There are 2 protein chains.
Amino acid sequence: MSIPLKRQDPRTPSSYHLAVTVTALDLDSSAASLADKAYLAIRDQLIMLDIRPGDPIDDDERAKALGVGRTPVREALKRLEGDRLVVSYPRRGTFATGMDISDLAHISEIRVQLEPLAARRAAERAVRAAQVELEELAARIQEFDVSRLDRTELMRWDLAVHRAIYRAAGNPHLEDVLIRYDNLATRIFCLFLDRLPTVDEHVGEHVELLRAIAAGDADRADDLAREHVLGFDRAIRAVI
Amino acid sequence: MSIPLKRQDPRTPSSYHLAVTVTALDLDSSAASLADKAYLAIRDQLIMLDIRPGDPIDDDERAKALGVGRTPVREALKRLEGDRLVVSYPRRGTFATGMDISDLAHISEIRVQLEPLAARRAAERAVRAAQVELEELAARIQEFDVSRLDRTELMRWDLAVHRAIYRAAGNPHLEDVLIRYDNLATRIFCLFLDRLPTVDEHVGEHVELLRAIAAGDADRADDLAREHVLGFDRAIRAVI
DNA sequence: GGTACACAGCTGGTATATCAGAACTAGGAT
DNA sequence: ATCCTAGTTCTGATATACCAGCTGTGTACC
């Protein structure tokens, strides 16, 4: 066996983790591979309910719509299957996963453990640069007129807030799993968005949470994050 | 757009989730696709350190070794990348991920939250059939002479125990994430296995934990699971 | 009206061509 | 003589085309 290259060369990291981690805000990041782009595009369509639960996903059609071949689309769908955003029935097709009340319970059960942990760690470990970033985010969100934003824009900001916190927690594995379930939770959020009366309240919680983290108040960040998850769960449950 | 098939037909589930969930014990499950088989085979080689951290993984060579084409191997590697078991540097190759002390800390931080939760839920929710299954598992393990088993066999049983608990918890998402980090933790375990003095103690904890769950003692299961994770973390740290 | 057979669509797998980046080598300049 | 730079070559990644097997559906015949 010949080893053609030096063993571990940490120069250029894979774009994969970048693509998973990257916030939904920058779909136009041109550095990504076609598979990454397809993944992000379809993932967003899934989360924002451009593709609704149960909808069939035709890879050929998606490929044409995105202007790429079937391979990157297939790869994207495989990854989305790992994210539990699509389900594929062999020789039948792949479909956007269905959603039911038990899914919300299962996801909340995980998030209620890990979101407070991330918030706590972010408050403890966040360095100066991250603190000002979180502060700025809080300031921008506070200025929003929630009623004027469309649902997609609102969701993107929601996602961005959570991503920033996960990142600041300094645990890449924790970041992974939280992103995964935040996507699923956001999808449920979108499902019930028009029936939810208290969206602005949800956004207000973000501001408090971000401020607590930036201030380094770990206990308060922990509490707020837990309440944020539980409040989300209750809010959805109330309108079912 | 024509929809050729009925929308949601829950008859035949994808083999994907099966393959992820399936215990490492049955590699010979013939129902799986080539990609699933490649995934399980390579994953096991990664966990059991047949492929050591930092080793390059040549997809062509793996394909030949497994007697399949490159596509299923590439798909398997993509999935393993999602599991953080391999890292791919674009245009350079893919490698088994490196391991360092901070990884252990990060993984333990997650597991210490979720393993007790799973144990608790398993104790609360486990139905009759699952209870006897867990009891049987406990009985079989108790009979083992740890010193006589080789490392691979031991690890497979370790994995089997945890999988059984995760399954019994009745939360598929929780099962997902715990399997993922149990794999990573087991890989670390294997790395230090020959330096660890207290392997039999670790196995003994399994018996207690399984019995507590089967008995429906949620509080005790919670405690034992937490101690199990923390004990693991301490044991590794002691021999670094 | 029911059953069986044939056809079509889709997934999964493979092979192949193209593209891009990295390393190695050679040549020139200092 | 040594170092830097440019070009060539090699390898891995990506995309597309092709093939095979299976499933579901529709139609035709009994």
Side-chain angles (χ1 to χ4, degrees), chain A residues 1-19 30-41 55-82 86-96, chain B residues 1-19 30-42 55-81 86-96:
Chain A
M1 186 186 78
S2 70
I3 298 171
L5 300 167
K6 286 204 291 278
R7 297 298 279 276
Q8 278 282 68
D9 194 342
R11 224 169 309 169
T12 52
S14 162
S15 63
Y16 180 92
H17 300 151
L18 217 76
S30 51
S33 72
L34 292 181
D36 290 332
K37 282 210 265 285
Y39 172 75
L40 291 174
D55 278 359
I57 301 172
D58 180 7
D59 50 8
D60 210 358
E61 176 217 318
R62 285 291 113 183
K64 288 199 187 76
L66 291 166
V68 298
R70 271 175 66 217
T71 306
V73 173
R74 289 177 58 78
E75 189 179 313
L77 290 177
K78 278 273 150 40
R79 257 152 80 178
L80 290 166
E81 195 173 5
V86 307
V87 172
S88 113
Y89 300 93
R91 280 169 253 290
R92 301 286 303 286
T94 83
F95 303 83
Chain B
M1 187 186 78
S2 69
I3 297 171
L5 300 166
K6 284 204 292 279
R7 299 298 278 274
Q8 276 282 69
D9 194 342
R11 223 169 308 170
T12 52
S14 161
S15 63
Y16 180 91
H17 300 150
L18 217 77
S30 50
S33 72
L34 293 182
D36 291 332
K37 282 209 266 283
Y39 172 75
L40 290 174
I42 300 175
D55 279 359
I57 301 173
D58 181 6
D59 51 8
D60 210 358
E61 178 218 314
R62 285 291 112 184
K64 288 201 186 76
L66 291 166
V68 298
R70 275 175 66 219
T71 307
V73 172
R74 290 183 58 76
E75 188 180 313
L77 291 178
K78 280 272 151 43
R79 257 152 79 178
L80 291 166
E81 195 174 4
V86 307
V87 171
S88 115
Y89 300 92
R91 279 166 268 288
R92 300 286 304 284
T94 82
F95 304 82

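Just so it is clear: chains get the letters A, B, ... in the order the sequence lines come, proteins before strands, and each one is counted from 1. Quantities reported herein were computed from a predicted structural model and do not represent experimental measurements.
Using a 4.0 Å heavy-atom distance criterion, Asp60(A) is classed as making no nucleic acid contact.
Across the protein-nucleic acid pair, Arg62(B) atom CZ and dT14(C) atom C1' stand 20 Å apart, rounded to whole Å. What separates CD of Glu61(A) from P of dT11(C) is a distance of 12 Å, to the nearest Å. Rounded to a whole Å, the OH atom of Tyr89(A) is 13 Å from the P atom of dG24(D). Going from atom CG of Leu34(B) over to atom C1' of dT11(C) covers 13 Å, rounded to whole Å. Computed from coordinates, the Leu77(A) CG to dC10(C) C1' distance equals 13 Å when rounded to whole Å. Counting to the nearest Å, the P atom of dC10(D) and the CG atom of Asp58(B) are 17 Å from each other. The CG atom of Leu66(A) sits 16 Å away from the P atom of dT14(D) (whole-angstrom rounding). What separates NZ of Lys64(A) from P of dA17(D) is a distance of 10 Å, to the nearest Å.
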**OP:** May I have the step-by-step check of side chain to side chain contact (heavy atoms under 4.5 Å, CB included) for Glu75(A) and Lys78(B), ending in yes or no?
**Re:** CA-CA 8 Å; Glu75(A) 189 179 313; Lys78(B) 280 272 151 43; 3.2 Å; yes

**OP:** Run the numbers on Asp60(B) and Lys64(B) for side chain to side chain contact (heavy atoms under 4.5 Å, CB included), then give the verdict.
**Re:** CA-CA 6 Å; Asp60(B) 210 358; Lys64(B) 288 201 186 76; 3.6 Å; yes

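Side-chain proximity of Thr71(B) to dG24(D), dG13(C), dT14(C): nearest is dT14(C). Picking from dT14(D), dG12(C), dG24(D) the nucleotide with the shortest atom distance to the side chain of Pro90(A) gives dG12(C). In this structure, of dG24(D), dG13(C), dA13(D), it is dG24(D) that holds the atom nearest to the side chain of Arg92(A). Listed nucleotides: dT14(C), dT11(C), dG24(D). Nearest to the side chain of Arg70(A): dT11(C).
In this structure, Lys37(B) NZ and Ile42(B) CD1 are separated by 13.5 Å, a value rounded to the nearest 0.5 Å. The CZ atom of Arg74(A) lies 6.0 Å from the CG atom of Asp59(A); values are rounded to the nearest 0.5 Å. Taking OG1 of Thr94(B) as the start and CG of Leu80(B) as the end, the distance is 9.0 Å to the nearest 0.5 Å.
The shortest distance between the side-chain N/O atoms of Arg74(A) and the OP1/OP2 oxygens of dT11(C) is not below 4.0 Å.
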